[in-house]
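Below: the structure, in C-alpha cells.
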Protein chains: 2
Amino acid sequence: MTTMGDVARLAGVSASTVSHVLNGTRKVDASTRVRVEAAIAETGYRRNGVARSLAAGRTHTVGLSISALTNPYFGSLVHAVERALSDAGYVLIVGDSHDAVESEKRITDSLLDRQVDGMIVAPAAGSERSTLPGIARTGTPLVLIDRMLDVDCDQVAPENTTSARMLTEHLLDLGHRRIAVVRGIPGISSTTERFDGYVAALTDRGIGVDAALVVEGESSTDVAEREVRALMASANRPTALVSMNNAMTIGTLKAVRSLGLSIPGDVAFVCYDDFEWSDLFDPKLTAAGQDVETIGATAAQLLLRRIRKEDGPPRRIRVPTMFHHRSSCGCR
Amino acid sequence: MTTMGDVARLAGVSASTVSHVLNGTRKVDASTRVRVEAAIAETGYRRNGVARSLAAGRTHTVGLSISALTNPYFGSLVHAVERALSDAGYVLIVGDSHDAVESEKRITDSLLDRQVDGMIVAPAAGSERSTLPGIARTGTPLVLIDRMLDVDCDQVAPENTTSARMLTEHLLDLGHRRIAVVRGIPGISSTTERFDGYVAALTDRGIGVDAALVVEGESSTDVAEREVRALMASANRPTALVSMNNAMTIGTLKAVRSLGLSIPGDVAFVCYDDFEWSDLFDPKLTAAGQDVETIGATAAQLLLRRIRKEDGPPRRIRVPTMFHHRSSCGCR
DNA sequence: GTGAAAGCGCTAACAG
DNA sequence: CTGTTAGCGCTTTCAC
C-alpha cells in the first residue's frame, strides 16, 4: 500500500506538500505540483479516507435511517437524498429500522460511532425517547424526515392533514356518508395527521366518526388486506374507502378484488400516496401524491446547511402533495 | 469529546485495558472491568470508529453501487443486502450509478478512498474496462450482482436465458407467431441473455427473428412506452409481447392502454420480473419473477466470505426465477 | 492480568 | 512557496 509519504519521497517534497496539492489547500508551485502529480500517477496512489477523516475531524459521510427500503416510496427518498448528498461530495450510509426503535437505536449508534457528519432519520414510533436524545448529546446535525416530532431540530415531511381531508371531502361531495379509512402504523405523525384530516372532513359535515369504519392496517399490506376484507364482507360495509399510504392501498385493493367487488361500482376509493403506475390500475386511482424528490432533496439541503454550521432556528418544512383526480373515486 | 484516554484515567487503568474490555480481546479481571464499565457509563463515552478503523485496518463498511434506487427491484436488493450485512456488523454505503460508467467510477473511487472492506456492484455497461480494474488493483473484495461479466470475481445474478425462453415458448405454445420483445438497456448481460432466450425459443420452432419486432426500451419506461406505442400502432402489429424487465413492463402497459388495446384480447403479454401487486393489474400478469431476496443475501454472504479471507475460486451463482402463470398471456 | 509505546496515514498549525 | 512537527483516537505488540 502506497502512502502519502511514499509519494512525497518519490516527488522529492514533503508529505504536507502532497497533501496540499491533493486538497488544493494552499498555493503550490506549478513545477512541484507537476512532480507530485507525476508521482501520484506513477505509484497509483490513492489517499486513505480513514486517516484523512481522523486527522481532519470530518468524514464526509451522512447516515440515513428509514423504515422500509422495500417500500418504493422510501426507495425514491433514498435516491433523492443520495443524489443531493453525492453532488456535495458526501456518501450515504443507509440503515433500515423496520419502524422498530430497537433497530433504529442500533443503526444510529453505529452511525454515531462512525462519526458521520450528520444524519437523516425517518423516526420510528418512540424515537424521541429512545434514539434522538443520544444523537442530540453528540451534537451531530440531524434532520427528521417523513414524520414530524415535537423536538427541536430540522424536519421535513409531506402535507398530511389537508391532503387527507381533501381526499375525504371529495368522497363526501360525491354523496358518500359511510366512508371507511385504512390507517397506517400507529404512533407516528403521518398516521395521526392523515387521520385527523379524515376526521375533520367528516366532522365538518356533521358526520360522526364510526369506530367500525376505522381499520388499522399497521402499514402492513397483509394486515390491511385481512382487515379490509373483514370489513367489506361484513354487514355494515362502507360505500367508500380512503387508504392512508401505498402499502395500505395495495392491501385494500387486494381485499376488494378478492371479494369480487368492483371499484368504484361497489365501493369508491381514494388514497394518499401515488404510484408511478397509478394509471395502470383498474380503475385509475384518485390519489394525493407526495413529492418525494422534493422531500429528500430538502432534507439533504437542510442537513448540509447544519453541517456547514450555517446556524439558525430549526426549520419544519411541509412539502405539498399533488391531487390526482382519476377514476377510482367514481367521478366521470 | 471524551476519548478512551479519559475513560482510562477515570477508571485508573491504561487505555489499552479499556480497549480490551471494549473489544473483549483479552482477559480482564472482573473488578477492573467493572471500573472501566462504570467510567464508560459515567462519561457517556462512545468510541471513535474512524480512529478504530485506522488503527485496525478494517472499516466494517461495505459499498454498494447500483443503477437505479428508484426501481423497486433495486430497493429490495438493497434491503436484502443491508440486512445480511448489518447482521454481520457491517454498514452499507449506497451509490446510484444511473447505469453510467462515469458515475459508477466516481462512486467506486469514493468507496475505495473510504477503505471499504468490500463492495458489491451492479456493473453498468463498460464497467469491466472503466471501473473494475481499479477495484481489482486495490485487492478489495468484490462481488458483482444482477449482471454477469467475463471477469474473475464472485458474481450472482438471476437465471435469464431459460426464463426468457420459457416465457416466449409459452406464447408460442398458445399459437402466437408474431411475438415482439421489449429489451432493456443495451450492453449488460441481463439484456443479452434474456434476448438470447427469446431468440432461442423462436429459432427452436423454426421461426426467424423479425427485427421489426425487437423494440429497444433502453430500460426507460418512457422510451419503452413510445416505442411500443409506435409498434402497436403500425401495420404489422404483433399478436404477443414479451417485456424484459419491470420498467419495460410499465412502459409497455402504458402504451397498450393508451392505444385502447386490451390484453390479452388484442395482444397477449408476458414479462420478466414480477411485481408485488401483479395481481392487481388488469389482467394479472404472467411473469418470471426474480428471487431478489436470495440474490441480495447471497451476494452479501459471498462478500463476507471474501472479507474473512476464506479463499476459493470465484463463484458465479445463478438464482432461479419463479414462473407465475396468470392471465395476461391469454390462458384460462 | 495490565501497562508502555509504537504506530495506522493524514491534516494543519507553525516556522521559515 | 515549502518543510517540520504535532497530533487525531485507537489497536496491538512487547514486556512485566
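All values derive from a computational prediction rather than experimental measurement. Sequence lines set the chain letters: A, B, ... in the order given, protein chains first and strands last, and positions in each chain run from 1.
- The residue B/S19 sits close to a base: some heavy atom pair falls under 4.0 Å.
- At whole-Å resolution of the value, CZ in A/R26 and P in D/dT2 are 8 Å apart.
- B/D6 places its CG atom 13 Å from the C1' atom of D/dC8, with the value rounded to the nearest Å.
- Closest contact between the side chain of A/N48 and the listed nucleotides C/dT2, D/dC10, C/dG9 involves C/dG9.
- No contact: B/V50 has no heavy atom under 4.0 Å from any strand.
- Taking only distance into account, the side chain of A/R46 never meets the base of C/dG9 through a donor-acceptor pair shorter than 3.5 Å.
- Regarding contacts with the backbone of C/dT11, a side-chain N or O of A/N23 is found under 4.0 angstrom from either OP1 or OP2.
- Counting only heavy atoms from C-beta on, B/R52 has its side chain closest to D/dC10 among D/dC10, C/dG9, D/dG3.
- Note: NZ (A/K27) to P (D/dT2) measures 10 Å, nearest angstrom.
- Checking C/dT2, D/dG9, D/dT2 against every side-chain atom of B/T17, the shortest atom distance belongs to C/dT2.
- Between the CZ atom of B/R9 and the C1' atom of C/dG3 there is a distance of 15 Å, rounded to whole Å.
- Across the protein-nucleic acid pair, B/Q115 atom CD and C/dC8 atom P stand 14 Å apart, rounded to whole Å.
- Of the candidates D/dC1, C/dT2, C/dA12, C/dT2 carries the atom nearest the B/T32 side chain, counting heavy atoms from C-beta on.
- Between B/M4 atom CE and D/dC8 atom P the separation is 14 Å, expressed in whole Å.
- The side chain of A/V13 has D/dG3 as its nearest neighbour among C/dG9, D/dG3, C/dG1.
- For the pair A/H20 NE2 and C/dG9 P, the interatomic distance rounds to 20 Å; values are reported in whole Å.
- At a threshold of 4.0 Å, the pair B/D96-A/R83 does not count as salt-bridged, since none of the basic side-chain nitrogens sits closer than that to a carboxylate oxygen.
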Test B/D109 against B/R106 for salt bridge (charged side-chain N to carboxylate O under 4.0 Å, His left out), laying out the working first.
-> CA-CA 5 Å; B/D109 275 347; B/R106 276 195 10 250; over 6 Å; no
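- B/S16 has no side-chain polar atom (N or O) that falls below the 4.0 Å cut-off from OP1 or OP2 of C/dT2.
- Exactly one residue among A/S127, A/S97, A/S65 makes a side chain to side chain donor-acceptor pair (under 3.5 Å) with A/E104. That residue is A/S127.
- Under a 4.0 Å N-O distance rule, the pair B/D154/B/R306 qualifies as a salt bridge.
- Taking the charged nitrogens against the carboxylate oxygens, B/R147 and B/D99 do have a contact shorter than 4.0 Å, which makes a salt bridge.
- Within a 6.0 Å radius of CZ in A/R315, other residues, nucleotides and ligands contribute 12 heavy atoms or fewer.
- If you measure from atom CZ of A/R33 to atom C1' of D/dT2, you get 13 Å, rounded to the nearest angstrom.
- In this model, the phosphate group of C/dA4 is not approached by any side-chain N or O of B/S14 to a distance below 4.0 Å at OP1 or OP2.
- For D/dC10, the OP1/OP2 oxygens have no side-chain nitrogen or oxygen of B/R47 closer than 4.0 Å.
- The residue A/V28 sits close only to the backbone: its heavy atoms come under 4.0 Å of sugar-phosphate atoms, none of a base.
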